[in-house]
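Treat the numbers as computed from the prediction; the structure is a model and nothing was measured. In each ligand, atom 1 is the first atom listed, and ligand 1 is the first ligand listed.
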Amino acid sequence: MSTPSTIQIHSETRHRFHIWTSGCQMNKDDSERIARSLVRDGHVPVSDPDRASVVILNGCSVRDNSDRKVWGRIGALGARKRRCGDVLIALTGCSAAATPEEIAPHLKWLDVVFPARDLRPLQELLAEQPGPITDDWDGFLPAELPGAGGVSRCVTAIHGCDRRCTFCIVPFRRGREESRPVAEILREIEQKADEGAREITLLGQIINKYGDDLDGPHTLATLLERVDTERSVPRIRFLTAHPRNLDSDLAAAMGRLDTVCEELNLPVQSGDDEVLRRMGRGYDTAFFRERIVMLRHHVPGIAISTDIIVGFPGETEAQFENTLSLLREIQFDVVHVAAFSARHGTVAAKWGDTMEPAEKLHRLHAVETAQKSIAAELNAHLVGATEEVLFEELRESPVAGAAPRWMGRTRSNKLVFCPEDGAIAAGDIRPIAITEATAWSLRGRPVRAPQTQVVR
Ligand code: SF4
(Lines give C-alpha, C1' and ligand atoms only; values in the text may rest on other atoms or scores of the structure.)
Protein backbone atom coordinates (compact mmCIF):
# COMPACT_ATOMS: atom_id res chain seq x y z
CA MET A 1 0.00 0.00 0.00
CA SER A 2 1.47 3.39 -0.88
CA THR A 3 2.13 5.60 2.09
CA PRO A 4 1.10 9.22 1.72
CA SER A 5 3.83 11.52 2.89
CA THR A 6 2.84 13.59 5.91
CA ILE A 7 6.32 14.24 7.28
CA GLN A 8 7.35 17.90 7.68
CA ILE A 9 10.71 18.51 6.01
CA HIS A 10 12.84 21.56 6.74
CA SER A 11 15.27 22.86 4.16
CA GLU A 12 18.27 21.83 6.30
CA THR A 13 17.10 18.22 6.41
CA ARG A 14 16.78 17.61 2.70
CA HIS A 15 18.89 14.73 1.56
CA ARG A 16 20.42 13.44 -1.62
CA PHE A 17 19.30 9.85 -1.85
CA HIS A 18 20.38 6.93 -3.94
CA ILE A 19 18.38 3.70 -4.18
CA TRP A 20 20.18 0.47 -5.08
CA THR A 21 17.76 -2.20 -6.21
CA SER A 22 18.25 -5.89 -6.90
CA GLY A 23 15.82 -8.64 -7.84
CA CYS A 24 12.42 -8.70 -9.43
CA GLN A 25 10.05 -6.18 -10.97
CA MET A 26 8.29 -5.89 -7.65
CA ASN A 27 11.45 -4.57 -5.97
CA LYS A 28 11.91 -2.12 -8.85
CA ASP A 29 8.33 -0.96 -8.45
CA ASP A 30 8.85 -0.55 -4.69
CA SER A 31 12.01 1.50 -5.33
CA GLU A 32 10.11 3.77 -7.66
CA ARG A 33 7.40 4.28 -5.06
CA ILE A 34 9.99 5.01 -2.33
CA ALA A 35 11.76 7.49 -4.62
CA ARG A 36 8.51 9.32 -5.44
CA SER A 37 7.65 9.57 -1.80
CA LEU A 38 11.06 10.98 -0.89
CA VAL A 39 10.89 13.50 -3.74
CA ARG A 40 7.48 14.61 -2.46
CA ASP A 41 9.19 15.15 0.91
CA GLY A 42 11.76 17.43 -0.73
CA HIS A 43 14.72 15.05 -1.06
CA VAL A 44 16.68 14.74 -4.30
CA PRO A 45 17.54 11.50 -6.12
CA VAL A 46 21.12 11.08 -7.31
CA SER A 47 22.55 8.42 -9.57
CA ASP A 48 25.98 8.24 -7.90
CA PRO A 49 25.87 6.58 -4.45
CA ASP A 50 29.12 8.34 -3.49
CA ARG A 51 27.31 11.70 -3.74
CA ALA A 52 24.32 10.52 -1.71
CA SER A 53 23.76 11.42 1.95
CA VAL A 54 21.42 8.45 2.27
CA VAL A 55 21.72 5.15 0.43
CA ILE A 56 18.68 2.88 0.42
CA LEU A 57 19.38 -0.77 -0.34
CA ASN A 58 16.35 -2.60 -1.68
CA GLY A 59 17.61 -6.16 -1.61
CA CYS A 60 16.45 -9.46 -3.04
CA SER A 61 16.58 -12.76 -1.15
CA VAL A 62 15.47 -15.26 -3.76
CA ARG A 63 18.91 -16.81 -3.94
CA ASP A 64 21.53 -17.13 -1.26
CA ASN A 65 24.01 -15.01 -3.21
CA SER A 66 21.37 -12.27 -3.68
CA ASP A 67 21.40 -11.67 0.07
CA ARG A 68 25.21 -11.88 0.06
CA LYS A 69 25.35 -9.01 -2.45
CA VAL A 70 23.29 -6.88 -0.09
CA TRP A 71 25.50 -7.69 2.90
CA GLY A 72 28.55 -6.86 0.74
CA ARG A 73 27.09 -3.45 -0.17
CA ILE A 74 26.35 -2.69 3.47
CA GLY A 75 29.96 -3.58 4.29
CA ALA A 76 31.31 -1.19 1.62
CA LEU A 77 29.01 1.64 2.74
CA GLY A 78 29.94 0.89 6.35
CA ALA A 79 33.60 1.43 5.46
CA ARG A 80 32.70 4.85 4.00
CA LYS A 81 30.69 5.66 7.09
CA ARG A 82 33.64 4.75 9.33
CA ARG A 83 35.98 6.91 7.21
CA CYS A 84 33.79 9.98 6.65
CA GLY A 85 30.60 9.43 8.67
CA ASP A 86 28.65 11.20 5.91
CA VAL A 87 26.12 8.60 4.89
CA LEU A 88 22.93 7.13 6.29
CA ILE A 89 22.27 3.52 5.30
CA ALA A 90 18.74 2.16 4.99
CA LEU A 91 17.72 -1.41 4.26
CA THR A 92 14.41 -2.52 2.77
CA GLY A 93 12.96 -5.20 0.46
CA CYS A 94 13.15 -8.92 1.10
CA SER A 95 16.59 -8.56 2.72
CA ALA A 96 15.08 -6.34 5.41
CA ALA A 97 12.99 -9.31 6.56
CA ALA A 98 15.98 -11.64 6.93
CA THR A 99 16.21 -13.50 10.22
CA PRO A 100 17.71 -11.59 13.20
CA GLU A 101 20.80 -13.87 13.02
CA GLU A 102 21.35 -12.98 9.37
CA ILE A 103 20.95 -9.22 9.85
CA ALA A 104 22.75 -8.96 13.21
CA PRO A 105 26.34 -8.68 11.86
CA HIS A 106 25.30 -5.73 9.65
CA LEU A 107 23.16 -3.81 12.12
CA LYS A 108 26.06 -1.65 13.32
CA TRP A 109 26.07 0.13 9.94
CA LEU A 110 22.33 0.38 9.41
CA ASP A 111 20.45 3.53 10.40
CA VAL A 112 17.03 2.13 9.60
CA VAL A 113 15.50 -1.16 8.46
CA PHE A 114 12.00 -0.76 7.08
CA PRO A 115 9.44 -2.76 5.09
CA ALA A 116 8.89 -1.46 1.56
CA ARG A 117 5.16 -1.21 2.27
CA ASP A 118 5.65 1.27 5.15
CA LEU A 119 8.08 4.12 4.56
CA ARG A 120 7.45 6.04 7.74
CA PRO A 121 10.57 4.83 9.60
CA LEU A 122 12.71 6.06 6.71
CA GLN A 123 10.80 9.33 6.36
CA GLU A 124 11.09 10.01 10.07
CA LEU A 125 14.82 9.30 10.10
CA LEU A 126 15.40 11.69 7.21
CA ALA A 127 13.23 14.36 8.81
CA GLU A 128 15.35 14.20 11.97
CA GLN A 129 18.83 13.98 10.48
CA PRO A 130 20.44 17.04 8.92
CA GLY A 131 20.95 16.63 5.19
CA PRO A 132 23.39 18.43 2.89
CA ILE A 133 20.81 20.31 0.79
CA THR A 134 19.83 23.80 1.83
CA ASP A 135 17.63 26.32 0.09
CA ASP A 136 20.67 27.46 -1.86
CA TRP A 137 20.88 24.70 -4.40
CA ASP A 138 24.44 23.74 -4.98
CA GLY A 139 24.02 23.13 -8.68
CA PHE A 140 23.97 19.42 -8.12
CA LEU A 141 21.80 17.79 -10.76
CA PRO A 142 19.15 15.37 -9.53
CA ALA A 143 19.24 11.98 -11.13
CA GLU A 144 16.17 10.85 -12.98
CA LEU A 145 13.57 9.32 -10.76
CA PRO A 146 13.80 5.53 -11.11
CA GLY A 147 11.43 4.38 -13.85
CA ALA A 148 10.12 7.85 -14.69
CA GLY A 149 9.53 8.49 -18.37
CA GLY A 150 9.61 4.80 -19.32
CA VAL A 151 7.21 3.46 -21.91
CA SER A 152 6.70 0.17 -20.07
CA ARG A 153 5.96 0.53 -16.35
CA CYS A 154 4.81 -1.67 -13.47
CA VAL A 155 2.10 -1.26 -10.86
CA THR A 156 1.88 -3.59 -7.88
CA ALA A 157 -1.65 -4.98 -7.49
CA ILE A 158 -1.13 -7.48 -4.66
CA HIS A 159 1.65 -7.78 -2.10
CA GLY A 160 2.86 -10.94 -0.38
CA CYS A 161 2.15 -14.64 -0.82
CA ASP A 162 0.12 -17.07 1.30
CA ARG A 163 1.45 -20.23 -0.36
CA ARG A 164 4.39 -22.14 1.03
CA CYS A 165 6.34 -23.65 -1.84
CA THR A 166 9.01 -25.63 -0.05
CA PHE A 167 11.94 -23.96 -1.84
CA CYS A 168 10.76 -20.35 -1.56
CA ILE A 169 11.82 -17.67 0.89
CA VAL A 170 9.43 -15.05 -0.47
CA PRO A 171 6.46 -15.66 1.90
CA PHE A 172 8.82 -15.23 4.88
CA ARG A 173 10.12 -11.96 3.50
CA ARG A 174 7.11 -10.45 1.78
CA GLY A 175 4.39 -11.38 4.25
CA ARG A 176 0.71 -12.20 3.77
CA GLU A 177 -1.26 -11.44 0.64
CA GLU A 178 -2.70 -7.94 0.59
CA SER A 179 -4.51 -6.62 -2.47
CA ARG A 180 -4.46 -2.91 -3.16
CA PRO A 181 -7.84 -1.23 -3.67
CA VAL A 182 -8.94 -0.96 -7.29
CA ALA A 183 -9.18 2.85 -7.15
CA GLU A 184 -5.58 3.14 -5.91
CA ILE A 185 -4.31 0.92 -8.73
CA LEU A 186 -6.28 2.87 -11.35
CA ARG A 187 -4.90 6.15 -10.00
CA GLU A 188 -1.34 4.89 -10.24
CA ILE A 189 -1.87 3.64 -13.78
CA GLU A 190 -3.29 6.98 -14.82
CA GLN A 191 -0.41 8.83 -13.22
CA LYS A 192 2.13 6.67 -15.05
CA ALA A 193 0.20 7.07 -18.30
CA ASP A 194 0.37 10.86 -17.83
CA GLU A 195 4.14 10.48 -17.52
CA GLY A 196 4.33 8.66 -20.86
CA ALA A 197 3.68 5.00 -19.99
CA ARG A 198 2.09 3.04 -22.84
CA GLU A 199 2.17 -0.37 -21.23
CA ILE A 200 1.46 -1.34 -17.63
CA THR A 201 2.37 -4.65 -16.04
CA LEU A 202 0.30 -5.44 -12.95
CA LEU A 203 2.49 -7.19 -10.39
CA GLY A 204 1.96 -9.74 -7.66
CA GLN A 205 3.76 -12.83 -6.34
CA ILE A 206 0.53 -14.58 -7.30
CA ILE A 207 -1.16 -11.92 -9.36
CA ASN A 208 -4.15 -14.14 -10.09
CA LYS A 209 -5.04 -14.21 -6.39
CA TYR A 210 -5.80 -10.52 -6.65
CA GLY A 211 -8.97 -9.63 -4.77
CA ASP A 212 -9.22 -12.78 -2.60
CA ASP A 213 -8.69 -10.66 0.51
CA LEU A 214 -10.89 -7.73 -0.56
CA ASP A 215 -14.56 -7.30 0.22
CA GLY A 216 -16.76 -7.87 -2.78
CA PRO A 217 -16.38 -9.90 -5.94
CA HIS A 218 -12.91 -8.69 -6.91
CA THR A 219 -10.67 -10.89 -9.05
CA LEU A 220 -7.85 -10.28 -11.47
CA ALA A 221 -10.37 -10.69 -14.30
CA THR A 222 -12.58 -7.91 -12.90
CA LEU A 223 -9.53 -5.70 -12.32
CA LEU A 224 -8.41 -6.20 -15.93
CA GLU A 225 -11.91 -5.33 -17.05
CA ARG A 226 -11.76 -2.04 -15.11
CA VAL A 227 -8.30 -1.16 -16.38
CA ASP A 228 -9.34 -1.98 -19.94
CA THR A 229 -12.43 0.25 -19.63
CA GLU A 230 -10.33 3.21 -18.45
CA ARG A 231 -8.15 3.04 -21.60
CA SER A 232 -5.33 4.91 -19.84
CA VAL A 233 -2.76 2.78 -21.69
CA PRO A 234 -3.04 0.70 -24.85
CA ARG A 235 -1.35 -2.38 -23.34
CA ILE A 236 -1.79 -4.31 -20.09
CA ARG A 237 0.19 -7.33 -18.89
CA PHE A 238 0.38 -9.10 -15.53
CA LEU A 239 2.98 -11.10 -13.66
CA THR A 240 3.27 -13.77 -12.09
CA ALA A 241 0.34 -16.18 -12.45
CA HIS A 242 0.12 -19.40 -10.43
CA PRO A 243 -1.26 -22.43 -12.33
CA ARG A 244 -3.42 -23.44 -9.36
CA ASN A 245 -5.37 -20.15 -9.49
CA LEU A 246 -5.69 -19.86 -13.25
CA ASP A 247 -9.38 -20.14 -14.06
CA SER A 248 -11.39 -19.84 -17.24
CA ASP A 249 -12.81 -16.43 -16.19
CA LEU A 250 -9.31 -14.99 -16.31
CA ALA A 251 -8.42 -16.74 -19.58
CA ALA A 252 -11.68 -15.54 -21.15
CA ALA A 253 -10.99 -11.96 -19.99
CA MET A 254 -7.54 -12.15 -21.58
CA GLY A 255 -9.07 -13.27 -24.83
CA ARG A 256 -11.83 -10.67 -24.75
CA LEU A 257 -10.12 -7.45 -23.60
CA ASP A 258 -8.29 -5.51 -26.32
CA THR A 259 -5.70 -3.95 -24.07
CA VAL A 260 -4.65 -7.20 -22.38
CA CYS A 261 -1.69 -8.67 -24.27
CA GLU A 262 -1.67 -12.27 -25.45
CA GLU A 263 1.17 -13.33 -23.19
CA LEU A 264 1.47 -15.08 -19.84
CA ASN A 265 4.21 -16.19 -17.48
CA LEU A 266 3.06 -19.45 -15.87
CA PRO A 267 5.81 -21.06 -13.78
CA VAL A 268 5.69 -24.86 -13.86
CA GLN A 269 9.01 -25.31 -11.96
CA SER A 270 9.32 -29.04 -12.79
CA GLY A 271 7.91 -31.53 -15.26
CA ASP A 272 7.84 -34.37 -12.73
CA ASP A 273 4.85 -35.07 -10.49
CA GLU A 274 6.85 -36.32 -7.52
CA VAL A 275 9.14 -33.26 -7.61
CA LEU A 276 6.11 -30.97 -7.91
CA ARG A 277 4.57 -32.67 -4.88
CA ARG A 278 7.71 -32.15 -2.82
CA MET A 279 7.91 -28.55 -4.03
CA GLY A 280 4.42 -28.03 -2.61
CA ARG A 281 3.20 -26.42 -5.80
CA GLY A 282 -0.38 -27.63 -5.50
CA TYR A 283 -0.74 -29.16 -8.98
CA ASP A 284 0.61 -32.01 -11.06
CA THR A 285 1.64 -32.06 -14.70
CA ALA A 286 -1.81 -33.25 -15.86
CA PHE A 287 -3.39 -30.21 -14.21
CA PHE A 288 -0.77 -27.92 -15.72
CA ARG A 289 -1.29 -29.35 -19.22
CA GLU A 290 -5.02 -28.86 -18.87
CA ARG A 291 -4.50 -25.18 -17.92
CA ILE A 292 -2.38 -24.70 -21.05
CA VAL A 293 -5.10 -26.21 -23.26
CA MET A 294 -7.70 -23.95 -21.63
CA LEU A 295 -5.51 -20.85 -22.10
CA ARG A 296 -4.81 -21.62 -25.75
CA HIS A 297 -8.52 -22.17 -26.30
CA HIS A 298 -9.46 -18.74 -24.94
CA VAL A 299 -6.42 -16.85 -26.22
CA PRO A 300 -5.36 -18.31 -29.56
CA GLY A 301 -1.69 -17.67 -30.34
CA ILE A 302 -0.88 -16.76 -26.72
CA ALA A 303 2.84 -16.72 -25.90
CA ILE A 304 3.54 -18.62 -22.68
CA SER A 305 6.74 -18.38 -20.66
CA THR A 306 7.63 -20.47 -17.64
CA ASP A 307 10.16 -20.85 -14.81
CA ILE A 308 12.09 -24.04 -14.09
CA ILE A 309 14.23 -25.05 -11.11
CA VAL A 310 16.84 -27.72 -11.78
CA GLY A 311 18.65 -29.66 -9.09
CA PHE A 312 15.82 -29.62 -6.53
CA PRO A 313 16.87 -31.85 -3.58
CA GLY A 314 16.62 -35.47 -4.64
CA GLU A 315 15.78 -34.72 -8.30
CA THR A 316 16.83 -37.85 -10.19
CA GLU A 317 18.06 -38.01 -13.75
CA ALA A 318 14.72 -39.53 -14.82
CA GLN A 319 12.76 -36.79 -13.06
CA PHE A 320 14.87 -34.17 -14.78
CA GLU A 321 14.22 -35.89 -18.13
CA ASN A 322 10.49 -35.49 -17.43
CA THR A 323 11.05 -31.74 -17.23
CA LEU A 324 12.80 -31.72 -20.61
CA SER A 325 9.93 -33.77 -22.09
CA LEU A 326 7.35 -31.33 -20.76
CA LEU A 327 9.24 -28.39 -22.27
CA ARG A 328 9.28 -30.11 -25.67
CA GLU A 329 5.61 -30.99 -25.38
CA ILE A 330 4.27 -27.59 -24.29
CA GLN A 331 6.61 -25.49 -26.46
CA PHE A 332 6.98 -22.47 -24.22
CA ASP A 333 8.06 -19.27 -25.89
CA VAL A 334 10.51 -18.45 -23.09
CA VAL A 335 11.94 -20.50 -20.20
CA HIS A 336 13.65 -18.90 -17.21
CA VAL A 337 15.80 -21.58 -15.63
CA ALA A 338 17.59 -21.45 -12.27
CA ALA A 339 19.61 -23.97 -10.30
CA PHE A 340 18.16 -24.79 -6.88
CA SER A 341 19.58 -22.59 -4.13
CA ALA A 342 18.83 -23.62 -0.54
CA ARG A 343 17.32 -20.76 1.44
CA HIS A 344 17.69 -20.88 5.17
CA GLY A 345 14.32 -21.38 6.90
CA THR A 346 12.58 -23.14 4.01
CA VAL A 347 11.51 -26.79 4.13
CA ALA A 348 13.63 -27.75 1.12
CA ALA A 349 16.77 -26.36 2.79
CA LYS A 350 16.37 -29.05 5.47
CA TRP A 351 16.46 -31.73 2.76
CA GLY A 352 19.98 -30.64 1.84
CA ASP A 353 21.42 -29.10 -1.29
CA THR A 354 23.32 -32.25 -2.17
CA MET A 355 23.61 -32.17 -5.94
CA GLU A 356 27.09 -31.43 -7.28
CA PRO A 357 27.29 -27.91 -8.76
CA ALA A 358 28.63 -29.44 -12.00
CA GLU A 359 25.52 -31.63 -12.33
CA LYS A 360 23.23 -28.66 -11.67
CA LEU A 361 25.06 -26.69 -14.32
CA HIS A 362 24.76 -29.61 -16.73
CA ARG A 363 20.96 -29.71 -16.20
CA LEU A 364 20.69 -25.95 -16.49
CA HIS A 365 22.53 -26.01 -19.82
CA ALA A 366 20.38 -28.91 -21.03
CA VAL A 367 17.24 -26.83 -20.42
CA GLU A 368 18.79 -23.82 -22.14
CA THR A 369 19.82 -25.90 -25.15
CA ALA A 370 16.40 -27.54 -25.51
CA GLN A 371 14.65 -24.19 -25.15
CA LYS A 372 16.94 -22.46 -27.61
CA SER A 373 15.85 -24.74 -30.45
CA ILE A 374 12.15 -24.56 -29.41
CA ALA A 375 12.20 -20.74 -29.29
CA ALA A 376 14.13 -20.50 -32.57
CA GLU A 377 11.52 -22.66 -34.28
CA LEU A 378 8.56 -20.73 -32.80
CA ASN A 379 10.08 -17.38 -33.72
CA ALA A 380 10.95 -18.55 -37.25
CA HIS A 381 7.20 -18.93 -37.90
CA LEU A 382 6.86 -15.17 -37.42
CA VAL A 383 9.12 -14.27 -40.34
CA GLY A 384 6.88 -12.75 -43.02
CA ALA A 385 4.18 -11.84 -40.49
CA THR A 386 3.24 -8.31 -39.43
CA GLU A 387 3.37 -7.70 -35.68
CA GLU A 388 2.15 -4.74 -33.65
CA VAL A 389 5.25 -3.38 -31.90
CA LEU A 390 5.45 -0.88 -29.04
CA PHE A 391 8.81 0.91 -29.28
CA GLU A 392 10.68 1.57 -26.07
CA GLU A 393 14.12 2.99 -26.84
CA LEU A 394 16.88 3.52 -29.35
CA ARG A 395 19.71 1.15 -28.47
CA GLU A 396 23.34 0.97 -29.47
CA SER A 397 24.04 -1.96 -31.77
CA PRO A 398 26.29 -4.67 -30.30
CA VAL A 399 28.20 -4.56 -33.62
CA ALA A 400 30.97 -1.97 -33.44
CA GLY A 401 30.37 0.92 -35.82
CA ALA A 402 26.82 -0.20 -36.72
CA ALA A 403 23.94 2.27 -36.46
CA PRO A 404 21.75 2.23 -33.35
CA ARG A 405 18.41 0.45 -33.67
CA TRP A 406 14.99 0.77 -32.15
CA MET A 407 13.97 -1.80 -29.57
CA GLY A 408 10.34 -2.68 -29.04
CA ARG A 409 8.07 -5.55 -28.08
CA THR A 410 5.22 -7.38 -29.75
CA ARG A 411 1.98 -7.96 -27.87
CA SER A 412 3.35 -11.45 -27.19
CA ASN A 413 6.35 -9.75 -25.47
CA LYS A 414 8.92 -10.73 -28.08
CA LEU A 415 11.85 -8.39 -28.50
CA VAL A 416 11.95 -6.67 -31.92
CA PHE A 417 14.77 -4.58 -33.39
CA CYS A 418 14.18 -2.13 -36.22
CA PRO A 419 16.63 0.11 -38.06
CA GLU A 420 16.52 3.77 -37.06
CA ASP A 421 14.62 5.55 -39.84
CA GLY A 422 13.98 8.89 -38.20
CA ALA A 423 10.23 8.23 -38.06
CA ILE A 424 9.98 6.03 -34.95
CA ALA A 425 9.70 7.53 -31.48
CA ALA A 426 9.57 5.95 -28.03
CA GLY A 427 5.95 5.05 -27.26
CA ASP A 428 4.89 4.57 -30.88
CA ILE A 429 2.88 1.48 -31.69
CA ARG A 430 3.43 0.40 -35.28
CA PRO A 431 2.84 -2.55 -37.54
CA ILE A 432 6.22 -4.12 -38.26
CA ALA A 433 7.01 -6.66 -40.95
CA ILE A 434 9.19 -9.36 -39.39
CA THR A 435 12.19 -10.12 -41.60
CA GLU A 436 14.50 -12.24 -39.39
CA ALA A 437 14.23 -14.32 -36.22
CA THR A 438 16.57 -15.88 -33.68
CA ALA A 439 15.75 -17.76 -30.48
CA TRP A 440 15.95 -14.51 -28.51
CA SER A 441 14.65 -11.73 -30.76
CA LEU A 442 13.11 -10.63 -34.06
CA ARG A 443 14.13 -8.06 -36.63
CA GLY A 444 11.77 -6.11 -38.79
CA ARG A 445 10.91 -3.00 -40.76
CA PRO A 446 7.99 -0.61 -40.44
CA VAL A 447 5.19 -1.47 -42.84
CA ARG A 448 5.12 1.32 -45.41
CA ALA A 449 1.67 0.60 -46.83
CA PRO A 450 -0.80 3.55 -47.00
CA GLN A 451 -2.79 2.12 -44.08
CA THR A 452 0.28 2.42 -41.82
CA GLN A 453 -1.00 3.76 -38.57
CA VAL A 454 0.97 5.43 -35.82
CA VAL A 455 -0.78 5.51 -32.49
CA ARG A 456 0.71 8.14 -30.21
S1 SF4 B 1 3.77 -19.09 -5.06
FE2 SF4 B 1 5.44 -20.32 -4.24
S3 SF4 B 1 7.22 -19.65 -5.48
FE4 SF4 B 1 5.65 -18.07 -5.74
S5 SF4 B 1 6.14 -16.53 -4.15
FE6 SF4 B 1 4.58 -17.92 -3.28
S7 SF4 B 1 5.79 -19.47 -2.19
FE8 SF4 B 1 7.19 -18.43 -3.59
Practice prompt. Please list, in chain and residue-number order, the protein N/O/S atoms closer than 2.8 Å to atom 8 (Fe) of ligand 1.
Written response: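 The answer is Cys168 SG.
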Report yes or no: is the cationic atom of [X] (NZ for Lys, CZ for Arg) under 6.0 Å from the centre of the six-membered ring of [Y], at an angle within 45° of the ring normal?
X	Y	result
Arg291	Tyr283	no
Arg164	Phe172	yes
Arg405	Phe417	yes

Fill in: Any Arg281 heavy atom less than 4.0 Å to ligand 1
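Yes; Arg281 lies near enough to ligand 1 that a heavy-atom distance drops under 4.0 Å.
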Worksheet entry | Interfacing atoms of ligand 1 (cut-off 4.0 Å, heavy-atom, His242) |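 Here the atoms of ligand 1 in question are 1 (S).
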Fill in: Ligand-side contact atoms (ligand 1) for residue partner Ile206, heavy atom cut-off under 4.0 Å
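Those atoms are 1 (S).
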Worksheet item: Between Glu329 and Arg289, does at least one N-O distance fall below 4.0 Å, as a salt bridge requires?
Response: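 Salt bridge present between Glu329 and Arg289.
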Discussion item. So that I can tick it off, tell me whether Asp284 and Arg277 are bridged by a salt bridge, with the cut-off set at under 4.0 angstrom between side-chain N and carboxylate O.
Written reply: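 A salt bridge is absent here (no side-chain N lies under 4.0 Å from a carboxylate O).
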Under 3.5 Å, side-chain donor or acceptor atoms of residues 292-304 against the rest of the protein: list the pairs with distances, not counting sequence neighbours.
unit_1, atom_1, unit_2, atom_2, d
Arg296, NH1, Ile330, O, 3.3
Arg296, NH2, Ile330, O, 2.9

Worksheet item: Taking the six-membered ring for Trp, are Phe312 and Trp351 parallel (under 30°), tilted (30 to 60°) or perpendicular (over 60°)?
Response: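 Perpendicular.
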Item to complete: Look up atom CZ in Phe288 and atom CG in Leu326, then write down how far apart they are to the nearest 0.5 Å.
Response: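 Rounded to the nearest 0.5 Å, the CZ-CG separation comes to 6.5 Å.
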Practice prompt. Report the part of Thr240 (side chain from C-beta onward, or backbone N, CA, C, O) that has a heavy atom under 4.0 Å from ligand 1; answer both or neither where that applies.
Written response: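 Looking at Thr240 and ligand 1, no heavy atom falls under 4.0 Å.
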